[in-house]
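A quick write-up on the structure given underneath.
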Amino acid sequence: MKVLNLLLSFILCLVACSTLALGLEATATATVEETEEASATTPESTEDAQSEEDAAAPEQQAQESNPVQEGPLIDLFGERLLSFELLDETTGRISANYTNEALTGKRVIGLYFSADWCGPCRQFTPELVSFYKRMNSRRGKKDQFEIVWVSRCRDGNSYAQYFSQMPWLALPMEEAMGARGQQLGEKYKVKGIPSLVLVDDLGNTITTDARNRIPQDKAGVGFPWRNPVAQIVTTLVPRSLRLLVKTQISAMKKSIVGKLKAAVTGKKSPVVA
């Protein structure tokens, strides 16, 4: 019954979104008609407009070369993630990638907290590499699993050498060792390493105990070990709709927290657009 109620709520949200989209389409059509009526311009205004376009061109090019990075995965990982590429037997290269592009099409994302100086980490990492490759070679689910390494290494040399053993992505060292790495550890209550947390394509937590699940299920039969309700929602509800619902819930939470803080401090809560 709970599952049916949940699915009904999502369907109602979808209907509301469709209605909103139709309204926006009608507004856009009216705007186009107004623009066509006002399209007649003088030579002087045409020259002025051309000058403005020429002046704005470098800025537009910069925006195109640096795509906007936003969404729950950006909130979680930041705007860039690193990848390691082995060029030959003795040389490798670390490259920066836009987070949204690097994680496009990934249904499950792991946060792997580990370090080179940790004995259990060095023992578990090869096992995780094998599991990662096995999950990404499954029929119908190829390359849908990604891992982001959150380093606990103590220096750049150790970071680079340990990263060279991993076929997945990583937080930049300064972020992993800085505020973001600390916040992620606190968010997922990481008490020791190695630790592996799994989240979905919207950053929702699937499990914080994947480190212990993998040795128990090496074939990945139950991977990613979601609860049944979450599995149904993820399978039946499109990502765009799940993202819309999550965004609205997040906005509501921020609004409520703001009002509670304002009530405690006696100040008026700012209006959120």
Side-chain angles (χ1 to χ4, degrees), residues 73 76-138 141-178 180-185 187-188 190-199 201 203 206-220 223-225:
L73 296 181
L76 201 60
F77 298 115
E79 295 188 356
R80 285 177 173 78
L81 294 171
L82 304 183
S83 59
F84 180 86
E85 179 186 4
L86 191 64
L87 301 178
D88 55 43
E89 294 182 357
T90 59
T91 309
R93 178 176 61 197
I94 294 178
S95 305
N97 309 272
Y98 291 116
T99 298
N100 278 341
E101 293 180 1
L103 297 179
T104 296
K106 307 301 180 182
R107 304 294 297 274
V108 180
I109 303 163
L111 289 84
Y112 182 40
F113 299 83
S114 67
D116 67 304
W117 49 263
C118 163
C121 296
R122 293 196 302 271
Q123 184 177 6
F124 179 64
T125 296
E127 184 178 355
L128 181 56
V129 169
S130 298
F131 185 83
Y132 171 84
K133 292 179 178 178
R134 192 180 307 120
M135 292 303 97
N136 278 326
S137 62
R138 292 180 301 171
K141 297 184 179 180
K142 186 176 176 61
D143 296 329
Q144 292 184 5
F145 177 36
E146 190 54 85
I147 294 176
V148 176
W149 176 42
V150 184
S151 171
R152 291 293 185 259
C153 293
R154 292 168 176 158
D155 58 68
N157 253 351
S158 302
Y159 175 95
Q161 290 178 7
Y162 196 35
F163 191 23
S164 68
Q165 303 171 29
M166 304 176 184
W168 47 71
L169 304 170
L171 282 183
M173 188 182 73
E174 61 275 11
E175 292 212 22
M177 298 175 67
R180 188 178 297 278
Q182 182 178 351
Q183 289 166 3
L184 289 173
K187 177 180 176 69
Y188 298 111
V190 176
K191 302 300 183 184
I193 55 175
S195 178
L196 181 63
V197 176
L198 299 183
V199 301
D201 52 358
I206 298 173
T207 178
T208 58
D209 193 36
R211 159 69 179 90
N212 295 318
R213 294 274 193 159
I214 289 175
Q216 298 168 4
D217 183 14
K218 292 184 178 181
F223 178 81
W225 310 293

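This chain uses plain numbering: 1 for the first residue, then up along the sequence. Side-chain atoms are counted along with the backbone in the values below, which use heavy atoms only and exclude waters and symmetry mates.
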Practice task
Could you tell me whether the side chain of Asp116 and the main chain of Cys153 form a donor-acceptor pair under 3.5 Å?
Solution key: no
Show, in sequence, the C-alpha distance, side-chain angles and deciding distance for Phe145 and Arg107, and conclude whether the side chain to side chain contact (heavy atoms under 4.5 Å, CB included) test is met. CA-CA 6 Å; Phe145 177 36; Arg107 304 294 297 274; over 6 Å; no
Rounded to the nearest 0.5 angstrom, the CG-CG distance for Asn97 and Leu82 is 7.5 Å
Can you confirm whether Tyr132 sits close enough to Pro167 that some side-chain heavy atom of one is under 4.5 Å from a side-chain heavy atom of the other? yes
message: Does Lys187 form a side chain to side chain contact (heavy atoms under 4.5 Å, CB included) with Leu76? I'd like the steps, not just the answer.
response: CA-CA 10 Å; Lys187 177 180 176 69; Leu76 201 60; 3.9 Å; yes
CZ of Arg154 to CE of Met173, rounded to nearest 0.5 Å, is 14.0 Å
| Less than 4.5 Å apart, any side-chain heavy atom of Ser164 and any of Leu86? | no
Closest heavy-atom pair, Tyr112 versus Cys121, reported as atoms and distance to 0.1 Å, is OH-O, 3.6 Å
Counting distance only, does the side-chain N/O of Thr125 pair as donor-acceptor with the main-chain N or O of Arg122 below 3.5 Å?
-> no
| query | Would a 4.5 Å heavy-atom cut-off, applied to side chains only, mark Leu103 and Glu146 as touching? | reply | yes
- Message: Atom CD of residue position Glu85 - does it have more than 12 heavy atoms of other residues, nucleotides or ligands inside 6.0 Å?
- Response: yes
Report task. Output yes when a side-chain donor or acceptor of Arg134 lies under 3.5 Å from a complementary backbone atom of Lys218, and no otherwise. Result -> yes
Minimal heavy-atom distance between Phe77 and Ile109, with the atoms involved, is CZ-CG2, 3.9 Å
Nearest heavy-atom contact between Arg211 and Pro194 is NE-CG, 3.3 Å
*asked:* Show, in sequence, the C-alpha distance, side-chain angles and deciding distance for Leu81 and Leu171, and conclude whether the side chain to side chain contact (heavy atoms under 4.5 Å, CB included) test is met.
replied: CA-CA 5 Å; Leu81 294 171; Leu171 282 183; 3.8 Å; yes
* **Pair Ser195, Tyr188: side-chain N/O donor-acceptor within cut-off below 3.5 Å** => no
All heavy atoms of Asn100 vs all of Thr104, minimum pair found to be O-OG1, 2.6 Å
Closest non-hydrogen atoms of Gly181 and Arg152, given as atom of the first, atom of the second and distance, are O-NH2, 3.2 Å
Practice prompt. Return the orientation label for the Phe131 and Trp225 ring planes: parallel under 30°, perpendicular over 60°, tilted otherwise.
Written response: parallel
Ignoring hydrogens and geometry, is there a side-chain-to-backbone donor-acceptor pair from Asn136 to Gln144 under 3.5 Å? yes
- prompt: Mind checking whether Phe163 and Tyr159 have parallel, tilted or perpendicular rings, split at 30° and 60°?
  reply: tilted
Does the side chain of Phe84 come within less than 4.5 Å of Arg93's, by heavy atoms?
no
In terms of heavy-atom contacts, Pro215 and Asn212 come closest through CD-O, 3.4 Å
To the nearest 0.5 Å, atom CD of Gln123 lies from atom SG of Cys118 at 9.5 Å
Would a distance-only check, ignoring hydrogens and angles, find a side-chain to backbone donor-acceptor pair under 3.5 Å from Thr99 to Gly78? yes
Exercise. Please confirm whether the backbone N or O of Ser114 pairs with a side-chain atom of Trp149, one donor and one acceptor, at under 3.5 Å?
Key: yes
Notebook entry, point to check: Taking Lys106 for the side chain and Asp143 for the main chain, is one N or O donor matched with an acceptor at less than 3.5 Å?
Noted result: yes
Rounding to 0.5 Å, atoms CD1 (Ile147) and CG (Leu128) come to a distance of 4.0 Å
Interatomic distance, OG1@Thr208 vs NZ@Lys191, rounded to 0.5 Å, equals 11.5 Å
